[in-house]
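Report on the following structure.
Bear in mind the structure is a predicted one, so any value in this text is a computation, not a measurement.
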Amino acid sequence: MSTIAASARIHPLSVIEDGAVISENCVIGPFCHVGPKVVLKDRVELMTHVVVTGRTVIGSGCRMFPNAVIGGDPQSVHHEGEETTLTVGDNCTFREGVTVNTGTTGGGGKTVIGNNNLFLANSHVAHDCILGNHIIMSNNVMLAGHVIVEDRVIMGGGSAVHQFTRIGRQAFIGGLSAVSYDVIPYGMLNGNPGVLSGLNVVGMTRAGIERSVIHTVRRAYKAIFEGPESVRANAAAVRDDYLDCPQALEIFDFIAAESDRALSSPNRGKV
């Protein structure tokens, strides 16, 4: 039996399956379908023709526009109907036609989305992706499986991300870019194949990072990508010179971390 708060408003032309949890002040418009293992927390709004399915938890204050399908089965040939999950944080907006899949057993079994994210029309989040907070995915952005996107990343329209790729905090991905390799924090990537084209200085400035710090990060960027050795060797050699700059250390630590993908670079797209 469903648990539906008295303050929830549900249009009679929508279907709420037995077992769903609809919390306080949710609004569900006509022709929506909420599956039996879905939890909608307070103040979730489904406008019309929205499907929320799977073992899915939607955080407070989320809004879903027409034809969004949230919590659908993973689009993986290895998926055989196992029960996996999708968890969405608070205050996320899913515009028209957005699709988000649950995880796969081989990838950890869960897709996770943080808080205050904006998904514009027809964007897609595949199975086992892990997304942070304050991310903007513009129209038609596509994330393949197992992608990690850190906080405050902005992705231009039509960009596509290869499976298992990491995108570091506050990176900027240009429209129609093909992201085949990891993108460092604060990096800016453009093109197909995607090439690192500097730092997201505009985003850093808007985030309140002081100009002197931005200049320090620029020096670290040059030392890493213009040094005499490989990118990882250059980063290891100069890391101790930047111990007083947390933003630079983010980049060094991102480069040093284990990953299934190579690193995007300014020269040939990867290292």
Side-chain angles (χ1 to χ4, degrees), residues 1-76 79-105 107-133 135-137 139-143 145 149:
M1 184 174 181
S2 299
T3 301
I4 300 175
S7 59
R9 291 182 289 154
I10 300 174
H11 196 282
L13 293 178
S14 282
V15 174
I16 311 299
E17 294 199 42
D18 284 348
V21 177
I22 312 297
S23 302
E24 298 291 345
N25 298 305
C26 287
V27 177
I28 300 176
F31 305 109
C32 295
H33 187 166
V34 179
K37 298 175 182 177
V38 170
V39 175
L40 304 183
K41 295 189 176 180
D42 296 348
R43 297 177 288 102
V44 171
E45 180 181 4
L46 314 184
M47 292 189 177
T48 182
H49 293 88
V50 173
V51 175
V52 186
T53 186
R55 185 169 288 281
T56 296
V57 177
I58 305 297
S60 300
C62 289
R63 301 178 72 211
M64 299 182 187
F65 283 68
N67 299 311
V69 180
I70 310 300
D73 284 351
Q75 299 176 79
S76 169
H79 182 68
E80 297 181 348
E82 304 94 341
E83 187 172 274
T84 56
T85 67
L86 166 66
T87 303
V88 176
D90 299 337
N91 302 314
C92 292
T93 298
F94 301 85
R95 292 300 305 244
E96 295 82 355
V98 172
T99 52
V100 183
N101 297 156
T102 59
T104 62
T105 54
K110 60 184 180 181
T111 302
V112 179
I113 293 174
N115 304 317
N116 302 297
N117 296 309
L118 174 58
F119 302 88
L120 296 187
N122 299 308
S123 54
H124 173 68
V125 179
H127 57 86
D128 305 297
C129 287
I130 306 294
L131 276 61
N133 308 310
I135 294 164
I136 298 174
M137 285 176 48
N139 295 42
N140 302 300
V141 170
M142 298 171 286
L143 303 185
V149 183

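Partner of Thr102 under the side-chain contact (heavy atoms from CB on, under 4.5 Å) criterion, chosen from Thr85, Thr56, Asp128: Thr56. No option in Leu143, Val141, Asn140, Asn101 other than Asn101 meets the side-chain contact (heavy atoms from CB on, under 4.5 Å) test with His124.
Partners of Glu96 by side-chain hydrogen bond (donor to acceptor under 3.5 Å, both in side chains), not counting sequence neighbours: none found. Annotation: side-chain hydrogen bond (donor to acceptor under 3.5 Å, both in side chains) contacts of Lys110 (sequence neighbours excluded): none. With sequence neighbours left out, the side-chain contact (heavy atoms from CB on, under 4.5 Å) criterion links Asn117 to Cys92, Ile113, Phe119, Ile135. Under the side-chain hydrogen bond (donor to acceptor under 3.5 Å, both in side chains) criterion, Ser123 pairs with no residue, sequence neighbours left out.
Counting only residues at least two apart or on different chains, the salt bridge (charged side-chain N to carboxylate O under 4.0 Å, His left out) pairs with a member in residues 44-58 are Glu45-Arg63, Arg55-Glu83.
Distance check: Asp73 CG to Thr53 OG1 gives 7.5 Å after rounding to the nearest 0.5 Å. Atoms CG and CG, on Asn91 and Asn115 in that order, are 7.0 Å from each other to the nearest 0.5 Å. In this structure, OG1 in Thr87 is found 12.5 Å from CG in Leu131, a value given to the nearest 0.5 Å. With rounding to the nearest 0.5 angstrom, the CG atom of Asp90 is 7.0 Å from the NZ atom of Lys41.
Cys62 approaches Val88 most closely through the heavy-atom pair SG-CG1, 4.0 Å. Here the shortest heavy-atom pairing between Phe94 and Val100 reads CE2-CG2, 3.9 Å. Annotation for Glu82 and Glu80: closest pair OE1-N, 2.9 Å, computed over non-hydrogen atoms. Closest of all the heavy-atom pairs between Gly103 and Pro74 is O-CG, 3.3 Å.
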Apply side-chain contact (heavy atoms from CB on, under 4.5 Å) to the pair Val34 and Ile16, showing each step before the final yes or no. CA-CA 5 Å; Val34 179; Ile16 311 299; 3.6 Å; yes
Report the C-alpha separation of Val98 and Met137 in whole Å, then their side-chain angles, then the decisive distance to 0.1 Å, and conclude whether the side-chain contact (heavy atoms from CB on, under 4.5 Å) test is met. CA-CA 10 Å; Val98 172; Met137 285 176 48; over 6 Å; no
Would you mind writing out the side-chain donor-acceptor pairs for residues 22-33 within the sub-3.5 Å range, not counting sequence neighbours?
| residue | atom | partner | partner atom | Å |
| --- | --- | --- | --- | --- |
| Ser23 | OG | Leu40 | O | 2.8 |
| Glu24 | OE1 | Ser7 | OG | 2.3 |
| His33 | NE2 | Glu17 | OE2 | 2.6 |

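Taking 4.5 Å as the limit, some side-chain heavy atom of Met64 sits within range of a side-chain heavy atom of Ile58.
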